[in-house]
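Let me begin by presenting the structure, written as structure tokens, before commenting on it.
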Amino acid sequence: MNPVTFEITHVCKQSGARTGILHTPHGDVETPMFMPVGTQATVKFLSPEELYAMNAGVVLANTYHLWLRPGEDVLREAGGVQKFMNYKGPMLTDSGGFQVFSLSDTRKISEEGVTFRNTLNGDILFLSPEKSIQIQNAIGADIMMSFDECIPFPATRDYAQKSMLRTLRWAERGKNANERPDEQALFGIVQGGDYDDLRYYCAEKLVEMDFPGYAIGGTSVGEDKETMYRMVKWSQEKLPVDKPRYLMGVGAVNDLLEAVSLNIDMCDCVLPTRLARHGTLLTSHGRINIRKAMYKHDFSPLDEKCDCYCCRNYTRAYLNHLFRTEEGFGTRLLSIHNVRFLLRLMEDARRAIHEDRFNDFKQETLAQMKFDERGF
RNA sequence: GGAGAAGUAGCGAAGUGGCUAAACGCGUCUGACUGUAAAUCAGAUCCCUCCGGGUUCGGUGGUUCGAAACCGCCCUUCUCCA
């Protein structure tokens with residue numbers, strides 16, 4: 001019995017994009033959706049109450065980082081990450097696969113797994129598919145991810161193939177290692193770089209293993225938009241229609257809308273919270289940096305169309321002041337706004353799909369945001 | 001009134017003869033950020049500019065091939081003593 005199941009509720013007649021419901025042990029969430037990232041068992045600067053208030057749904061946590069601190073023993077004692085951080089909604093853990101990419105300076109990959117140099121204290125660490133699942137079982141999120149290798153772009157065909165085949169073997173090993181299959185669902189991850197046949201092959205092999213959901217990895221690692229969308233398109237073509245599709249690490253507005261067009265149901269990204277910490281906010285007219293002098297005397301809300309706590313109560317001038325004085329409240333307010341902004345974008349996307357007008361919605365939204373050539 | 005110390009770019013502060021248009025910090029301005037080693041990082045910040053050029057280190061007059069730096073005078077500030 002799969003702990004996580006998916007049902008499609010509508011397919012847009014105009015675009016083919018779909019809405020659905022993801023059923024999890026911690027509640028149902030509507031798709032397509034955006035998932036905020038809480039790497040170290042906290043979405044930086046946001047409380048669980050704030051996440052509920054903005055209808056956050058699924059929240060991510062990270063296997064590698066929680067393994068280092070506080071350690072799997074603490075997570076077990078706590079009764080899982082949800083109890084630990086007091087988040088009552090569904091959660092998902094990334095496997096540490098992204099750290100194979102992002103910590104590439106300090107790691108070595110072998111068939112057995114990946115050796116990391118602990119960036120905190122220099123210790124040698126070893127993460128394997130089995131170990132990743134063991135830790136993810138301790139963390140206890142509703143959805144676990146296969147331990148994969150997220151390869152850089154560009155990568156040679158030879159390397160992309162070898163890595164993808166190894167990621168497939170790791171997926172099989174991870175699946176066999178899951179000790180809580182009735183409580184925690186494990187998703188497979190499609191890799192294969194920028195090579196169509198590798199993407200197809202990987203997806204087909206994963207489907208043979210029969211996962212309750214499938215992710216697309218190895219994107220948004222520095223490639224251009226066209227390449228990224230191509231990789232997503234290839235990756236999802238061979239996936240079963242009735243299983244959730246998760247595009248990993250994508251959160252720019254235009255990318256999210258493109259992902260929905262490509263039948264993606266779930267996306268996650270650190271972008272809204274990171275941008276917030278750096279003073280950049282998302283609005284229906286594009287990105288702006290609140291530190292700019294032009295906002296010093298601007299007593300309008302961040303985004304007049306936004307329904308978030310920040311926009312309902314505070315002005316650009318006040319946020320400008322909070323950022324210039326480095327007051328942490330400003331970081332919290334912008335984080336609330338940016339996360340809510342993307343959640344609402346997806347709510348609007350779902351509504352447009354139900355109304356069979358997603359293509360129109362996408363076009364209108366992007367036009368309003370005045371994208372430059374590089375994108376949002 | 002006497003003794004001493006100091007005046008460097010928006011601010012603070014290095015620099016005591018050429019490698020100095022002048023370190024560094026702050027401030028200011030730009031840009032970046034996509035499964036978080038990121039409340040971070042990169043660039044700019046005397047003026048005009050494409051190469052390049054033009055004016056600077058309280059003021060002024062000197063010394064020198066060459067001065068922010070050495071000398072004289074002046075102005076200003078600070079500390080201590082009366």
Side-chain angles (χ1 to χ4, degrees), chain A residues 34-46 58-66 68-69 92-107 116-122 125 132 136 141 143-151 153 187 189-191 215-225 228-229 231-232 246-256 258-259 264 266-282 287-294 296 322-335 338 342 372 374-376:
Chain A
F34 175 77
M35 307 182 287
V37 179
T39 303
Q40 315 219 55
T42 172
V43 180
K44 294 185 191 298
F45 286 88
L46 299 183
V58 179
V59 167
L60 263 70
N62 184 275
T63 301
Y64 176 84
H65 291 284
L66 293 180
L68 297 190
R69 294 183 300 192
L92 179 153
T93 39
D94 185 34
S95 60
F98 185 72
Q99 279 62 46
V100 178
F101 165 75
S102 66
L103 303 178
S104 60
D105 292 345
T106 69
R107 57 92 168 121
F116 294 93
R117 178 76 67 170
N118 184 335
T119 48
L120 298 170
N121 60 17
L125 301 165
S132 173
Q136 292 190 74
I143 299 171
M144 304 187 291
M145 299 307 299
S146 287
F147 186 63
D148 65 334
E149 182 191 0
C150 179
I151 63 171
F153 178 88
F187 283 18
I189 304 176
V190 181
Q191 290 287 354
I216 296 163
T219 71
S220 53
V221 289
E223 77 282 12
D224 56 81
K225 301 282 183 194
M228 176 175 144
Y229 299 155
M231 292 195 286
V232 174
Y246 163 27
L247 177 58
M248 306 183 78
V250 163
V253 170
N254 49 356
D255 295 340
L256 288 173
E258 194 60 36
I264 297 300
M266 311 156 69
C267 286
D268 77 285
C269 200
V270 304
L271 204 54
T273 47
R274 181 177 294 167
L275 289 178
R277 266 173 277 129
H278 299 170
T280 300
L281 62 115
L282 308 169
R287 284 189 197 184
I288 66 175
N289 192 308
I290 199 62
R291 290 185 54 98
K292 283 176 179 284
M294 62 190 290
K296 190 175 178 187
L322 291 180
F323 266 83
R324 283 171 182 271
T325 51
E326 295 178 36
E327 288 291 344
F329 188 43
T331 304
R332 285 195 49 223
L333 288 174
L334 272 203
S335 297
N338 279 351
L342 291 187
D372 59 25
R374 266 203 76 246
F376 196 49

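First the proteins, then the strands, lettered A, B, ... as listed; each starts at 1.
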From the options [options], select the nucleotide whose nearest atom is closest to the side chain of [X].
{"X": "Arg287(A)", "options": "rC33(B), rG35(B), rU36(B)", "value": "rC33(B)"}
{"X": "Lys225(A)", "options": "rU34(B), rG35(B), rU36(B)", "value": "rU34(B)"}
{"X": "Phe98(A)", "options": "rU34(B), rG35(B), rC29(B)", "value": "rG35(B)"}
{"X": "Arg274(A)", "options": "rG35(B), rA37(B), rA38(B)", "value": "rA38(B)"}
{"X": "Leu60(A)", "options": "rG35(B), rU36(B), rU34(B)", "value": "rG35(B)"}
{"X": "Glu326(A)", "options": "rU36(B), rG35(B), rG27(B)", "value": "rG27(B)"}

Checking base pairs now: Watson-Crick or wobble, both atom distances under 3.5 Å. What partners [N]?
{"N": "rC57(B)", "value": "none"}
{"N": "rC11(B)", "value": "rG25(B)"}
{"N": "rC41(B)", "value": "rG31(B)"}

Would you please confirm or rule out a distance under 4.0 Å between OP1 or OP2 of [N] and any side-chain N or O of [X]?
{"X": "Gln99(A)", "N": "rA37(B)", "result": "yes"}
{"X": "Lys296(A)", "N": "rU28(B)", "result": "no"}
{"X": "Arg324(A)", "N": "rC29(B)", "result": "yes"}
{"X": "Ser102(A)", "N": "rU36(B)", "result": "no"}
{"X": "Thr119(A)", "N": "rA37(B)", "result": "no"}

Using modelled atom types only, decide if a donor and an acceptor are shared between the side chain of [X] and the backbone of [Y] within a distance under 3.5 Å.
{"X": "Ser146(A)", "Y": "Ile189(A)", "value": "no"}
{"X": "Asn338(A)", "Y": "Pro272(A)", "value": "yes"}
{"X": "Arg291(A)", "Y": "Phe323(A)", "value": "yes"}

Would you kindly check whether a donor in the side chain of [X] faces an acceptor in the base of [N], or vice versa, at under 3.5 angstrom?
{"X": "Asp255(A)", "N": "rU34(B)", "answer": "yes"}
{"X": "Lys292(A)", "N": "rU28(B)", "answer": "no"}
{"X": "Asn62(A)", "N": "rG35(B)", "answer": "no"}
{"X": "Thr273(A)", "N": "rU36(B)", "answer": "yes"}
{"X": "Arg291(A)", "N": "rU30(B)", "answer": "no"}

- Without hydrogens or angle criteria, can the side chains of Gln136(A) and Ser132(A) be said to hold a donor-acceptor pair below 3.5 Å? yes
Sugar-phosphate, base or nothing in reach of [X], heavy atoms under 4.0 Å:
{"X": "Glu327(A)", "value": "nothing"}
{"X": "Ala293(A)", "value": "sugar-phosphate"}
{"X": "Leu103(A)", "value": "base"}
{"X": "Thr331(A)", "value": "nothing"}
{"X": "Thr219(A)", "value": "nothing"}
{"X": "Phe45(A)", "value": "base"}

- Item | Stacked pair His278(A)-rU40(B), distance under 5.5 Å, angle under 30° | yes
- Got Gln99(A) and Asp94(A) here, is their nearest side-chain heavy-atom distance under 4.5 Å? yes
